[in-house]
Visitor: 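One structure is given below, represented as structure tokens, and several questions about it will come after.
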Amino acid sequence: IFFFNSCSLGFKNYKKCRQIIIGDFQIQLAQGLVMWQGMSLGKSSDIVIVKKQEQGLKSYHGMTENGYFRGVAVDCQLKKIKLLTWVSYDAKDASMHNDSIHGNYFTSILSDGLHRNSLEISNKNSIMEFSSGMQWSVKINQTQLAYNTALLIYSHPIIISDKCYQLFYNSGNSFFNHSISYSGTKRNINYFGECALNERNNPAIVNGIISSLDKNLSVSLLHRYYSKGYSSLYRNAFSENTTNNNEHGLYLGINYSYSKKISVSSYYDLYHFPWLKYGVDAPSSGMDAAFQFNILFNKTTNIGLRVQHQEKEKSITIGDMPQSVLQKISQNSIRLQFQASVDRIQLTSRIDFTRLNQGSSELGILCYLDVTYKPYLKPYSFSIRASLFNSDSYDARLYAYQSDLPGTYSFASFSGQGEAIYWMLHYRITSKLNLWTKISRSLTFTQNADFKSTVPIYEAKVQLTYRFGER
């Protein structure tokens, strides 16, 4: 009946098993080099916190058709050794192709969940994915050591294109990754890391420390080396790239609390890409630096200022030159945010401004107001956000996190000139039955003298949940 169905059955503290899940689940291991499903932030407003807090095994409650396994997973405690293992077999949407050399193959796994036309429908459940893996971990003194493995086998091979920047990408039916990870504390230092290999023995390494030098000053240092040949389909480690390969970088973050109400933080991230990238036809380098200032007026009111500078390189062609050359691109961004609560109403206002310099300057600005109302002892609550945006190009676009239905999240991008608004309602029908709805409307203006608008885009979501058993 439906395009997507999901369910899971879980048991906790059954004999020596801390958790058993039958159905849909997610796996998060170590620092995300071998296996990490679900959302995970990298460089964020919390500048010092760069360590991933693994959850190991958790049931899946989302509505996206990717980023989870379907099968059986068990998390057990055997004296001093913890064992997490899983087996999964499920159909996935994939971009399918066929030729005389490879036969049927796919180039990517699709995650949008759209089935609007004959091509998208033909890609639905077009491949089968088998996965199995485990994590053995033991705690020695103050250090947690773990060995992590993950195996993926597909019914059809994945074939990457023959573009130069994809030369070291892995192709085939099966993929295997394993790693050794550690995490622990020594006095005022929290140390962590992971060293991983894929089936071709290409390495990926990440190590970091977080230290409180005194009650007001905290620092974090993270080094990562991801070889150009490393690959993992379910990876989500700290990086500038999204692929966790072809990168060598060093990150330094500092946070200073001047008082209980005033804090200053900053980070500097320097990175290098030893091989080609999409849109970059030579090895390149870049940097990212940010400064953040926060004032907490009281428990419910605060204001924050964030200034960021980024430098990257990309390939451009000059005149009739047969080869492209690298051009430095710089981007400066400013964010001002205000939050306050009055009775049961919470207000959030933000202004984002960015200036992109890639030969010529391109500007972008985003403003929004978010209002959330949660009345006391009432079964309902609602929120509304109104946004205005204007950017000179797609490259100068801006992003904003948006609230969504439970189990989902969304980062909206804004380019061109327009407006957007969404409403969310939560109604508690009974103690176990809850209703969530979200209605959104976006409108982008055409770039002409009259700024005539295009047809507005509407989206409606409804979610009804029932919780079995006692809460």
Side-chain angles (χ1 to χ4, degrees), residues 25-44 46-60 62 64 66-69 73 75 82 84-86 88 109 111 129 131-137 143-152 169-170 175-184 190-200 202-210 220-251 253 267 269 271 273 288 409 411:
F25 56 88
Q26 290 182 321
I27 302 293
Q28 296 179 353
L29 302 180
Q31 296 303 306
L33 286 176
V34 169
M35 178 62 61
W36 193 283
Q37 297 174 311
M39 183 180 177
S40 176
L41 296 177
K43 288 178 282 189
S44 65
D46 200 342
I47 288 174
V48 174
I49 305 302
V50 293
K51 176 186 176 183
K52 291 186 180 296
Q53 303 295 333
E54 67 171 270
Q55 296 189 43
L57 171 64
K58 64 176 185 177
S59 58
Y60 180 69
T64 57
N66 198 10
Y68 69 93
F69 289 138
D75 184 2
K82 188 184 78 169
L84 189 159
T85 184
W86 75 90
S88 167
I109 296 178
S111 59
E129 176 192 73
S131 174
S132 180
M134 67 175 184
Q135 180 189 64
W136 287 89
S137 64
T143 302
Q144 190 81 30
L145 298 175
Y147 176 65
N148 315 284
T149 67
L151 172 67
L152 292 170
Y169 285 24
N170 285 3
F175 304 90
F176 178 73
N177 298 81
H178 60 129
S179 72
I180 295 176
S181 60
Y182 67 92
S183 175
N190 185 309
Y191 51 89
F192 58 93
E194 184 176 10
C195 179
L197 295 172
N198 65 354
E199 67 276 2
R200 296 184 181 181
N202 292 302
I205 304 170
V206 57
N207 294 285
I209 59 171
I210 301 172
S220 62
L221 183 67
L222 184 141
H223 173 264
R224 73 260 190 199
Y225 170 75
Y226 309 144
S227 64
K228 57 181 177 290
Y230 183 79
S231 64
S232 175
L233 295 180
Y234 289 103
R235 79 279 167 179
N236 203 343
F238 185 100
S239 70
E240 179 67 21
N241 273 332
T242 58
T243 54
N244 290 163
N245 66 351
N246 184 36
E247 182 175 339
H248 189 190
L250 182 65
Y251 174 96
Y267 74 76
D269 189 27
Y271 47 84
F273 306 118
D288 182 7
Y409 61 90
F411 282 95

Visitor: What heavy-atom pair brings Glu129 and Ile109 nearest, and what distance separates the two atoms?
Guide: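 Minimum heavy-atom contact is OE2-CD1, 4.4 Å.
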Visitor: Regarding Tyr251 and Asp288, is there a side-chain donor-to-acceptor distance under 3.5 Å anywhere?
Guide: no
Visitor: Heavy atoms only: give me the nearest Thr85-Gly133 pair and the separation to one decimal.
Guide: OG1-O, 3.1 Å
Visitor: Locate the shortest heavy-atom distance separating Asp269 from Tyr271; write the atom from each residue and the value.
Guide: OD2-CD2, 3.7 Å
Visitor: Heavy atoms, side chains only, cut-off 4.5 Å: are Leu33 and Tyr230 in contact?
Guide: yes
Visitor: Once rounded to the nearest 0.5 Å, what's the spacing between atom OG of Ser132 and atom CZ of Phe176?
Guide: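 Atom-to-atom, Ser132:OG and Phe176:CZ are 10.0 Å apart.
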Visitor: Do any N or O atoms from the side chain of Gln37 and from the backbone of Tyr234 form a donor-acceptor pair under 3.5 angstrom?
Guide: no
Visitor: Would you compute the distance between atom CD of Gln144 and atom OG of Ser183 and round it to the nearest 0.5 angstrom?
Guide: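 Interatomic distance, Gln144 CD to Ser183 OG, rounded to 0.5 Å: 7.5 Å.
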Visitor: Less than 4.5 Å apart, side chain to side chain, heavy atoms only: is that true for Leu29 and Ile27?
Guide: yes
Visitor: Do Tyr169 and Asn245 come close enough that some side-chain heavy atom pair is under 4.5 Å?
Guide: yes
Visitor: Say you draw a straight line from CE of Met134 to OG1 of Thr149; how long is it, rounded to the nearest 0.5 Å?
Guide: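 The distance works out to 4.5 Å.
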Visitor: Any heavy-atom pair between the side chains of Met35 and Phe69 that's under 4.5 Å?
Guide: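 They are in side-chain contact.
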Visitor: Quiz question: by atom type and distance under 3.5 Å, do the side chains of Ser232 and Asn244 form a donor-acceptor pair?
Guide: no
Visitor: Are Gln53 and Gln28 close enough that some pair of their side-chain heavy atoms sits under 4.5 Å apart?
Guide: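 No - every pair of side-chain heavy atoms lies 4.5 Å or more apart.
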Visitor: To check you understand the geometry: which heavy-atom pair defines the closest contact between Tyr226 and Phe238, and what is its length?
Guide: OH-O, 2.6 Å
Visitor: Take Tyr225 and Asn207 through the side chain to side chain donor-acceptor pair (under 3.5 Å) test and state the conclusion after the steps.
Guide: CA-CA 9 Å; Tyr225 170 75; Asn207 294 285; over 6 Å; no
Visitor: Which pair of non-hydrogen atoms, one from Ser227 and one from Pro203, has the smallest distance, and what is that distance?
Guide: OG-O, 2.7 Å
Visitor: Let's go through Ser239 and Asn241 carefully: what are the C-alpha distance in whole Å and the side-chain angles of both, what is the deciding distance for side chain to side chain donor-acceptor pair (under 3.5 Å) to 0.1 Å, and is it a yes or a no?
Guide: CA-CA 5 Å; Ser239 70; Asn241 273 332; over 6 Å; no
Visitor: For the CG atom on Leu145, are there more than 12 heavy atoms of other groups (residues, nucleotides or ligands in this structure) within a distance under 6.0 Å?
Guide: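 For Leu145, atom CG is crowded (more than 12 foreign heavy atoms under 6.0 Å).
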Visitor: Say whether, by atom type as modelled, one donor and one acceptor occur between the side chain of Gln31 and the main chain of Glu194 under 3.5 angstrom.
Guide: no
Visitor: Report yes if the side chains of Tyr191 and Thr143 come closer than 4.5 Å at any heavy-atom pair, otherwise no.
Guide: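 They are in side-chain contact.
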Visitor: So do Val206 and Leu222 actually touch side chain to side chain, heavy atoms under 4.5 Å?
Guide: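 With C-beta onward as the side chain, the pair touches.
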Visitor: Measuring from Asn148:CG to Trp136:CH2, what's the distance to the nearest 0.5 Å?
Guide: 13.0 Å
Visitor: Looking at Asn236, is its backbone amide N or carbonyl O close enough to the side chain of Lys52 to form a donor-acceptor pair, meaning the two atoms are under 3.5 Å apart?
Guide: yes
Visitor: Is any side-chain heavy atom of Asn177 less than 4.5 Å from a side-chain heavy atom of Leu197?
Guide: no
Visitor: Closer than 3.5 angstrom, by distance alone: can the side chain of Glu199 be matched with the main-chain N or O of Phe175 as a donor-acceptor pair?
Guide: no
Visitor: Keeping the roles fixed (side chain from Arg224, backbone from Ala204), state whether a donor-acceptor pair exists under 3.5 Å.
Guide: no
Visitor: What pair of heavy atoms forms the shortest contact from Ser231 to Asn198, and how long is it?
Guide: N-ND2, 3.5 Å
Visitor: Ignoring hydrogens and geometry, is there a side-chain-to-backbone donor-acceptor pair from Tyr147 to Ile180 under 3.5 Å?
Guide: no
